[in-house]
Amino acid sequence: MSDYYHHFLTSMAGVGGDPSLSQHGASIPVQQAPVLSLGTTAYQNLGGFFNGYAEPIMFSAPKAQRSRRKSAPGLDHIKHRRTRSGCYTCRSRRVKCDETHPVCERCRKGNRECVYPEPAPPKGSVKDSSGQSQQESPTSSRGDDDDDETGHDGSLTPIMDEDEEEEAESATMQSSTPTIPPTPLSAPATSLSFNHGSMNARQGLEGDVQFYLNYYRDNITHYHYSVVNDHDNFFQEMLTELAIQDEGLLYAVVGFAAYHYTLQSPIGEIKDFLHFYNRSVTLLLRFLKRKERHTEMTLLTILQLATIEEYLGDWVNLMGHQKAALEVLTELYTPQTVMQTVVGRMILTWYTRFDVFTGIMASSETMLPREWFTAFVDYYEVRAAENPDELSYKTEVCSGRLRMISMEMSLLFGRSARHQVTEEEYTAEHRRLYNALHEWKNSWDPALVNPEFLVADVSMNGASDTDRIFQPLTPGLLFRPPLFTSTLLTCEWNSITLMHGSQGTSDPSSETLEKLREHAYVICQICEAVETWPLSPAGSLIILQPCLGIAALFVPQEEAYQLWIRKKFALLERMGYISPGTMRLRMAELFRDGSCLRWWLPNDEGFTPMLQSIRAFADERNAMAVSTQSENLRQIRSVFSRMNIRRAAMDQGEGQLSDGVNTMLLE
């Protein structure tokens with residue numbers, strides 16, 4: 001694994017290293033995060049608004065700092081330290097905690113929630129399923145505290161701090177990542193296991209870990225991962241079984257479940273899921289430092305952590321995980337071998353979803369070469385031909401082909417952004433993709449649109465007039481299982497077609513603008529139907545979030561439509577999908593209402609204390625990620641500059657575009 005990922009994980013977990021150090025070891029100031037206010041020039045571009053980028057980016061972190069002892073020539077060597085007994089809030093903000101109980105001084109001044117880790121249990125007080133002692137409970141709230149940070153006597157080992165200076169320590173002072181003998185394995189390792197080895201007996205899991213695993217199985221679906229189809233029941237059955245075999249993956253999966261549970265709990269606290277997440281990052285970092293062979297477990301852990309980052313609205317950190325996942329994926333598999341196992345196929349599906357989405361939004365080519373996408377489609381075409389009655393294989397073919405078109409769009413937008421294609425070449429490829437999109441829609445297997453599975457009526461008794469603006473439902477959009485996936489693919493196709501249509505080289509005609517509005521209208525209808533229909537699977541609205549985000553640009557700019565959009569974003573956040581500050585700013589600019597920066601609805605309706613706490617944590621963390629990685633972000637504006645012109649043209653046609661917003665959109 002490249003050194004950059006070690007540095008990246010270290011800065012995330014807070015287990016050593018200093019994100020304010022340059023690749024040469026010199027200390028550089030960490031700049032303040034930009035203040036989110038309507039009209040802030042740092043966010044004038046519409047680029048990246050709906051997927052949560054600070055700006056369209058590619059991530060490339062500096063080399064890891066192996067030791068804090070070495071200073072750059074000519075610089076004074078100043079040593080700092082901090083203890084691991086500070087509160088979680090100060091750790092996440094990378095600042096020194098004075099450890100005042102019950103609320104530290106920084107949290108008191110900033111009016112932030114102050115949560116301290118629970119004290120470590122006595123050494124040897126917890127037994128695993130084999131009766132062997134473990135140093136700490138796998139459910140400890142100490143977060144990223146582990147045997148890398150704990151002394152042999154169970155006390156917390158001081159580590160380096162970034163912003164508080166103290167006098168130089170003696171020559172025996174530890175470096176920022178102390179070397180501690182590893183904790184003995186609690187059970188024999190398996191070929192797929194890393195970190196602390198296998199956890200083969202379910203009864204050996206601690207109570208809250210088992211609780212959250214059960215919650216995961218009962219409540220989390222593949223839709224929560226934005227995967228439209230899961231023929232092999234990978235997420236509800238296989239992933240949890242694999243997690244039991246590996247501690248790092250276990251804590252990532254449990255952390256994801258705890259996150260969802262905490263949001264719905266009236267007494268939930270950030271620490272209820274954060275310490276699981278931190279534990280997983282710490283274990284993954286330790287494994288990578290040992291430079292052992294990567295496994296499927298390594299890759300699954302990285303992908304699960306990336307999904308958590310997406311939910312927190314942190315696309316900078318997500319893309320750091322994505323880059324590492326690419327490295328492991330191409331090390332473990334080829335386009336042919338990845339399709340030979342259930343785990344390999346789902347890993348490819350999981351990764352390519354991130355790859356295509358970030359590629360299109362960042363106006364860059366996908367990281368994974370075309371042959372991987374082709375291998376997926378080829379595999380399921382063979383399976384569908386061999387099993388003509390199996391709807392799931394037909395669905396995978398349909399989904400894989402649409403992902404191929406999206407990948408080709410990403411290639412075109414990336415080449416255009418780097419000026420590697422002439423206008424004539426761009427126009428020709430754009431036209432070819434238009435034909436491919438419509439051929440895809442018209443070539444569905446009739447079994448995937450069987451009218452016997454159509455939902456004819458979605459009752460909205462008692463709904464407000466605002467909620468009814470996309471009623472009645474257009475016939476043929478909502479299918480019940482086993483064809484519910486056809487509904488999701490239809491929505492995805494409309495969003496991709498909408499994105500494609502907004503990227504033409506010439507100004508759009510009135511006919512083109514009307515078609516864009518129609519695609520946006522269908523997306524909103526499907527979102528309304530999926531939310532309203534009582535039999536919609538859990539998580540199915542979350543998978544439609546990117547579609548809703550782009551549709552918001554093209555619906556009529558009237559109060560009723562804006563309120564409908566805002567209600568949907570509020571609902572998605574209550575479901576755990578946090579909208580980054582940059583997206584809220586884009587919507588505030590679009591709606592001409594700065595209150596979106598705080599919350600989507602008036603009077604903080606539905607903005608629970610727990611959600612406010614998570615939003616504040618995510619905002620600070622995301623702003624710090626952008627600030628500390630500022631040298632590694634590149635801004636690509638071409639995709640959204642074209643989209644802005646089309647939005648402006650639509651608004652001018654409706655006579656609704658103010659001079660100020662018009663200037664912002666056309667810049």
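Nothing here was measured: the structure is a model prediction, and the numbers come from that model. Starting from 1, each residue takes its place in the sequence as its number.
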Taking side chain as C-beta onward, heavy atoms only, is Asp230 less than 4.5 Å from Tyr225?
no

Determine, step by step, whether Asn494 and His519 satisfy the side-chain hydrogen bond (donor to acceptor under 3.5 Å, both in side chains) criterion, reporting the C-alpha distance in whole Å, the side-chain angles of both residues, the deciding distance to 0.1 Å, and the verdict.
CA-CA 5 Å; Asn494 276 277; His519 288 301; 2.8 Å; yes

Does one side chain, of Thr307 or Trp350, offer a donor that lies under 3.5 Å from an acceptor on the other?
yes

What about the rings of Tyr311 and His260, do their centers lie closer together than 6.0 Å?
yes

Looking just at side-chain N and O atoms, do Gln322 and Thr358 make a donor-acceptor pair shorter than 3.5 Å?
yes

Any donor and acceptor pair, going by atom type alone, linking the side chain of Asn233 with main-chain N or O of Gln236 inside 3.5 Å?
no

Taking C-beta and beyond as the side chain, do Cys527 and Leu548 meet within less than 4.5 Å on heavy atoms?
yes

For Val530, is there any backbone N or O sitting under 3.5 Å from a side-chain donor or acceptor partner on Ser536?
yes

Return yes if some donor-acceptor pair links the side-chain N/O of Gln612 with the main-chain N/O of Phe607 below 3.5 Å, else return no.
yes

Return the OG to CD distance between Ser226 and Gln545, rounded to the nearest 0.5 Å.
8.0 Å

With rounding to the nearest 0.5 Å, note down the distance linking OG1 in Thr301 to CG in Leu283.
9.0 Å

Can you check whether Trp600's main-chain N or O pairs, donor with acceptor, with Arg566's side chain at less than 3.5 Å?
yes

Could you check whether Phe276 and Phe256 have their ring centres less than 6.0 Å apart?
no

Pair Leu368, Tyr351 - check side chain to side chain contact (heavy atoms under 4.5 Å, CB included), show working.
CA-CA 9 Å; Leu368 205 61; Tyr351 175 82; 4.0 Å; yes

Can you name the nearest heavy-atom pair linking Asn229 to Met346, along with the distance?
O-CE, 4.1 Å

Can the ring centroids of Phe235 and Tyr216 be said to lie less than 6.0 angstrom from one another?
no

Is there a side-chain contact between Met409 and Val356 in this structure, where contact means two heavy atoms from C-beta onward sitting under 4.5 Å apart?
no

Can you tell me how far CG of Asp314 sits from CE of Met319, rounded to the nearest 0.5 angstrom?
11.5 Å

Quick one: closest heavy-atom pair of Ala618 and Ile578, and the distance?
CB-CG2, 4.3 Å

Taking Gln525 for its side chain and Phe470 for its backbone only, find out whether a donor-acceptor pair lies under 3.5 Å.
yes

Tyr277 ring centre to Arg279 NZ or CZ under 6.0 Å, with the angle to the axis within 45°?
no

Can Ser579 and Leu572 be said to form a side chain to side chain contact (heavy atoms under 4.5 Å, CB included), step by step?
CA-CA 8 Å; Ser579 299; Leu572 286 163; over 6 Å; no

Kindly determine whether Glu310 and Phe354 satisfy side chain to side chain contact (heavy atoms under 4.5 Å, CB included), including the steps that lead there.
CA-CA 10 Å; Glu310 178 183 2; Phe354 285 136; 3.3 Å; yes

Let's go through Leu477 and Thr487 carefully: what are the C-alpha distance in whole Å and the side-chain angles of both, what is the deciding distance for side chain to side chain contact (heavy atoms under 4.5 Å, CB included) to 0.1 Å, and is it a yes or a no?
CA-CA 6 Å; Leu477 290 181; Thr487 298; 5.7 Å; no

Expected output: side-chain Thr366 to main-chain Gly359 donor-acceptor under 3.5 Å:
no

Mark yes when over 12 heavy atoms from residues, nucleotides or ligands other than Tyr261 sit less than 6.0 Å from its OH; otherwise mark no.
no

For Glu531, check salt bridge (Lys or Arg N to Asp or Glu O under 4.0 Å) against everything at least two apart and list the hits.
Lys568

Is Asp619 salt-bridged to Arg584, cutoff N-O under 4.0 Å?
yes

Between CZ of Arg353 and CG of Leu303, what distance do you get to the nearest 0.5 Å?
11.5 Å

Minimum heavy-atom distance Tyr223-Val228, with the two atoms named:
CE2-O, 3.8 Å

Please check: side-chain N/O of Asn219 versus main-chain N/O of Tyr215, any donor-acceptor pairing under 3.5 Å?
yes

Given Leu312, which partner from the list Ile614, Asn317, Leu318 fulfils the side-chain contact (heavy atoms from CB on, under 4.5 Å) test?
Ile614

If we ignore hydrogens and angles and just use 3.5 Å, is the side chain of Gln304 paired with the main-chain N or O of Val253 as donor and acceptor?
no

Give, for atom NE2 of His275 and atom OG1 of Thr282, the distance between the pair rounded to the nearest 0.5 Å.
12.0 Å

Gln264 side-chain N/O to Arg574 backbone N/O, donor-acceptor pair under 3.5 Å:
yes

Should we say atom CG of Asn603 is surrounded by more than 12 heavy atoms from elsewhere, each under 6.0 Å from it?
no

Side chains of Leu601 and Leu563: does their closest heavy-atom pair fall under 4.5 Å?
yes

So, Thr532 side chain and Ala529 main chain: donor-acceptor pair closer than 3.5 Å or not?
no

Heavy-atom closest pair, residues Tyr212 and Asp272:
OH-O, 4.1 Å

Residue Ile267 excluded, over 12 heavy atoms near CD1 under 6.0 Å
no

Got His222 and Ile543 here, is their nearest side-chain heavy-atom distance under 4.5 Å?
no

Does the side chain of Leu242 come within less than 4.5 Å of Met297's, by heavy atoms?
yes

How many angstroms lie between atom CG of Leu299 and atom CG of Leu249, to the nearest 0.5 angstrom?
10.5 Å

Sequence neighbours excluded - salt bridge (charged side-chain N to carboxylate O under 4.0 Å, His left out) pairs with any residue from residues 600-610:
Arg598-Asp604

Here the pair of heavy atoms bringing Cys114 nearest to Cys104 is SG-N, 3.4 Å

Side chains of Lys567 and Leu571: does their closest heavy-atom pair fall under 4.5 Å?
no

Could you tell me which non-hydrogen atom of Ser502 sits nearest to which non-hydrogen atom of Leu516, and how far apart they are?
N-CD2, 4.3 Å

What verdict does the side-chain hydrogen bond (donor to acceptor under 3.5 Å, both in side chains) test give for Glu365 and Ser410, after you've listed the backbone C-alpha separation in whole Å, the side-chain angles of each residue and the deciding distance to 0.1 Å?
CA-CA 5 Å; Glu365 299 180 16; Ser410 175; over 6 Å; no

